[in-house]
Structure formats: structure tokens, C-alpha cells
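Structure first, then comments.
Proteins come first, then strands; the chains are lettered A, B, ... in the order of their sequence lines, and each starts at number 1.
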There are 2 protein chains.
Amino acid sequence: MRSDKGDLKARARIRNAALELFGAEGATGVSLRAVAARAGVSHALVLHHFGSKEGLRKECDAYVISLVRGGPGVEALEDTAGLAAMLEAAGPVRRYLGRAFMDGTPEAAALYDEIVEATERWLEQGVAEGWARPSQDPRARAAIYVTWLLAPLAFGEHLSRVLGVPDPHDMDATLRHSRAGIEIFTGGVFADDRALTAWEAVRKERRAR
Amino acid sequence: MRSDKGDLKARARIRNAALELFGAEGATGVSLRAVAARAGVSHALVLHHFGSKEGLRKECDAYVISLVRGGPGVEALEDTAGLAAMLEAAGPVRRYLGRAFMDGTPEAAALYDEIVEATERWLEQGVAEGWARPSQDPRARAAIYVTWLLAPLAFGEHLSRVLGVPDPHDMDATLRHSRAGIEIFTGGVFADDRALTAWEAVRKERRAR
DNA sequence: CAGTTGGCTGACCAATTGGTTATCATCCTG
DNA sequence: CAGGATGATAACCAATTGGTCAGCCAACTG
């Protein structure tokens, strides 16, 4: 019933409009009428196609997630290639993905878990092969690693402003803060163990209670 | 007797309720009536005190920011509960702060800039004193550092879920991922320069175009 | 050609929203 | 006790929201 190209056009237009608006303002802050207006259709048509606002949101989720998961002929997430591709993908999609993670939809949560899982295996392999350092808590490290890669999605606006780049999703800004991130991932920030020992002290004091 | 917060002035009760709800769902997704209900007052009183929803939001911003800046908050002194109230408020305040950064209010932006600025100077000093590694792009590094520290505010829900801790703002979860973060900040993740050289390759290829 | 189907719409609906106003209940203070 | 301030509310309002419905219209299909 929906394999026709004729209806896919309208559906796609609405979905793209929703993607942009939801990503920019958050789903709760955008009315169906706003989406419809941007897609150049009546708001009733949005309901006609997606049943409800929630239905539209889910379809956006599914679409974006499929983009992240499925590159051209790529199998499931074996490494962070999908994520890396995602970070280079189009602005609206990125923005939407960031929102989805922040708003904590079940689908986004599942994707997050998947990415962390893959990253943990990837880093484990790296440790075995010698190009990654061992960790005292590999799972937590993988989780933090992923979270940090995602961070610019949430705070990209501030990041670009601080770096003096007008567009939060400008490629040059992305490249620049990527470099800084990789620098930290490669050599760290601190030259000694003072932060680590400070953490130990906090934990010890907390345990004492 | 009415409730545990019965002693607090209505104004503070409303502000605290708004803090919790706005932080949890985002300001646009929470109605004034919901705030009023949580504070145990009529929704008209919210308007009476704060003029408008935007006024309430700004007051929340100002309050949270004053807490972050560490200065003696005006209302903080009125809350006789002292430290206990402070710790209890810590969770909601953190959540709210994360939302404020994500939603990009002007006040939050200014605070962000301030923090990055201070961090950059701090790291610069660290480099001079030898406990921080030099960076090729100190400003970008400071921005990324701050952004990464803030990341758990945005993705704390996923982080705690992946670590198997029920409450996203549980102290133990915070402690655990903090440790992983400090580990990275201290020693990095990668044992060689392959990520760095890969980045260089990407930049070069991009420049060629 | 008649008829069915499905994309598409305007008009409508009940519920909810942020905001206003008139009013009431205190509580000081003169 | 009079009489403002101040705190708080119920009733109301216009606008907007997500969702429904009957029906238009173009394209297939018999």
C-alpha cells in the first residue's frame, strides 16, 4: 500500500520537514501544523500518513537510525565506522539524532547500547593488538568514549560559538574540535597522575562513610 | 504538615518545582499548570509571581547559574535546611543545567563561554607548570574538555543504563564514569598516533578539493 | 465509461495552553 | 478599627494543540 513512488514523495517531504524541525526544537516544541506547513501540505495529511504525532516521531527515529546503521552495503556496526559516518552526515540528521539521544526515546537508547557494545569490543581488540591502552573499567571507558563522541551533537552550538565559527554544523568547526578530541584520546591532557589520585582520595573518603 | 516542603515560601516551592520539571522534560514540554500542581498552588499564582512562563524560566536560569558560580545565592540563605537541601537539590539542578545548555538560552551560553575561558587559562597554567600536556590548539582543547565534562549531563540516562545503575544521577554511577573519564584524560586511549595521522589524512584529502 | 481506491483537504472538535481579571483572605501598621 | 500591601485563588479568555470526519479529486481498473 505504500510501495508506490507517488505517495513516497509526500511522505518523504513530511518526514524531512519533521526531521529538521524536531531536530532543531525538539519534538514536543513543534506542532504538526508547523511540520505540515514546511512540507507544503495540510496538517490533516500528516495524521493521515503517520496516524499520530508519535507515529511521525517514530518514523523519523527509524529513518535516522537506519542511516546510522546502514551505510552502502555495510553490515551491522562492527566498529565505529557507522558513527563516524554519522558525524559527517548532513546537518539536520545529526541534529535530530542528538535530540533523539537527549530525549531518550527507546529506539535511541537501543542504538546507544549497540554502539557502546561495539565500541567496547573494538577497544578490547585494540588492547589485544597493542594500539589501545588497557583500562581498569573497559565498559565504563567504552561508554564514556561514545558519550564524548556524541557530546558535540548536544553542545555543538556552544562549541562553534567558542571557536568563532558561525554555523554549528560547519565542517571546518567539526574538523577542528575533532582534532582536539583526537589529541586528547591519543596523549591525554594531564602529564601526571594527580587527577587519578585525587579521584582515589574522593572514593576512599566516600567509602569511609 | 501539608508536605515536607511546607515550610518553604510558595515562590521558592514553585521555582523548585519548575526546576525539576523543566530539567526533566524541557521547558517547552511542561505546562505552568503542571508546575503549579507540583508546587501545590494554583497556576495563576505562578503567573502572579513570575509574570510569565518565560519569567519563570529566567529565574530558574539565574538561580542555577548562581549556584554554579558558587557565590552565595540569595535564596540559598533563606532555605534553612542548609546542606541537606543543597544535596537534595543537586540532582535536579544538574539536570536543569544540562537542559539549559542544550536548549541554548543566552544565559547558559554566557556561562559556557565563561567556563571555557577559565578552563583555557587553567590548562595554560598547567602546561607552564608541567602537569598538563601542551596542545596544538589550546582553545579548541579547552572547549572540548568542557564539553566532555558536560556530556554526562546530556546523556546521563544512557550512561547509567549501560553501566547498570538504575538512577542516572546516582553518585556511584557518577563516580564510576568519572574514573573512566579521568583515566582517559590522564593517559589517553590510543597507544600510538594512528588516529592523529588518520585525521591528518582526512584534512589533507578535504583540502585537496 | 462507471466505479473504486487512495491521496488529500477544509471544517470541525475537545482538550490544553499561557495569560488576565476580579475577588478574597490575611497581616501588618497607623 | 480602618486600610493598604501582599499572597493566593477561581473564573474566564483567546489561541493553539493533536486528532476526527465527511468528502473532494485524480488515477487506476473493470
_Check B:Arg141 with B:Glu124, please: is the shortest side-chain N to carboxylate O separation under 4.0 Å?_
no
_side chain to side chain donor-acceptor pair (under 3.5 Å) against A:Arg179, all qualifying residues, sequence neighbours excluded_ = B:Gln136, B:Glu200
*Please determine if a side-chain N or O atom of A:His48 lies less than 4.0 Å away from the OP1 or OP2 oxygen of C:dG7.*
yes
*Would a 4.5 Å heavy-atom cut-off, applied to side chains only, mark A:Glu114 and A:Arg69 as touching?*
yes
Using only atom types and a distance under 3.5 Å, with no angle test, would you say the side chain of [X] pairs donor to acceptor with the backbone of [Y]?
X        : Y        : answer
B:Trp199 : A:Leu175 : yes
B:Arg95  : B:Leu21  : no
A:Arg99  : A:Ala27  : no

Taking [atom1] from [X] and [atom2] from [N], how many angstroms apart are they, rounded to a whole number?
X       : N      : atom1 : atom2 : result
A:His49 : D:dG18 : NE2   : P     : 18 Å
B:Glu54 : C:dG19 : CD    : C1'   : 14 Å
B:Arg13 : D:dG7  : CZ    : P     : 13 Å
A:Leu45 : D:dT20 : CG    : C1'   : 15 Å

_Partner of B:Glu59 under salt bridge (charged side-chain N to carboxylate O under 4.0 Å, His left out), chosen from B:Arg15, B:Lys53, B:Arg11_ = B:Arg11
*How are the rings of B:Phe185 and B:Tyr145 set to each other: parallel, tilted or perpendicular (split at 30° and 60°)?*
tilted
*Terminal axis angle for the helix from C:dC1-D:dG30 to C:dG30-D:dC1, five pairs an end, nearest 10 degrees*: 10°
Anything under 3.5 Å between a protein N or O and an N or O of nucleotides 14-18 of chain C, put it in a table, one pair a line.
residue, atom, partner, partner atom, Å
C:dT17, OP1, B:Ser31, OG, 3.4
C:dG18, OP1, B:Lys53, NZ, 2.9
C:dG18, OP2, B:Leu32, N, 2.9
C:dG18, N7, B:Arg33, NH1, 2.8
C:dG18, O6, B:Arg33, NH2, 3.1

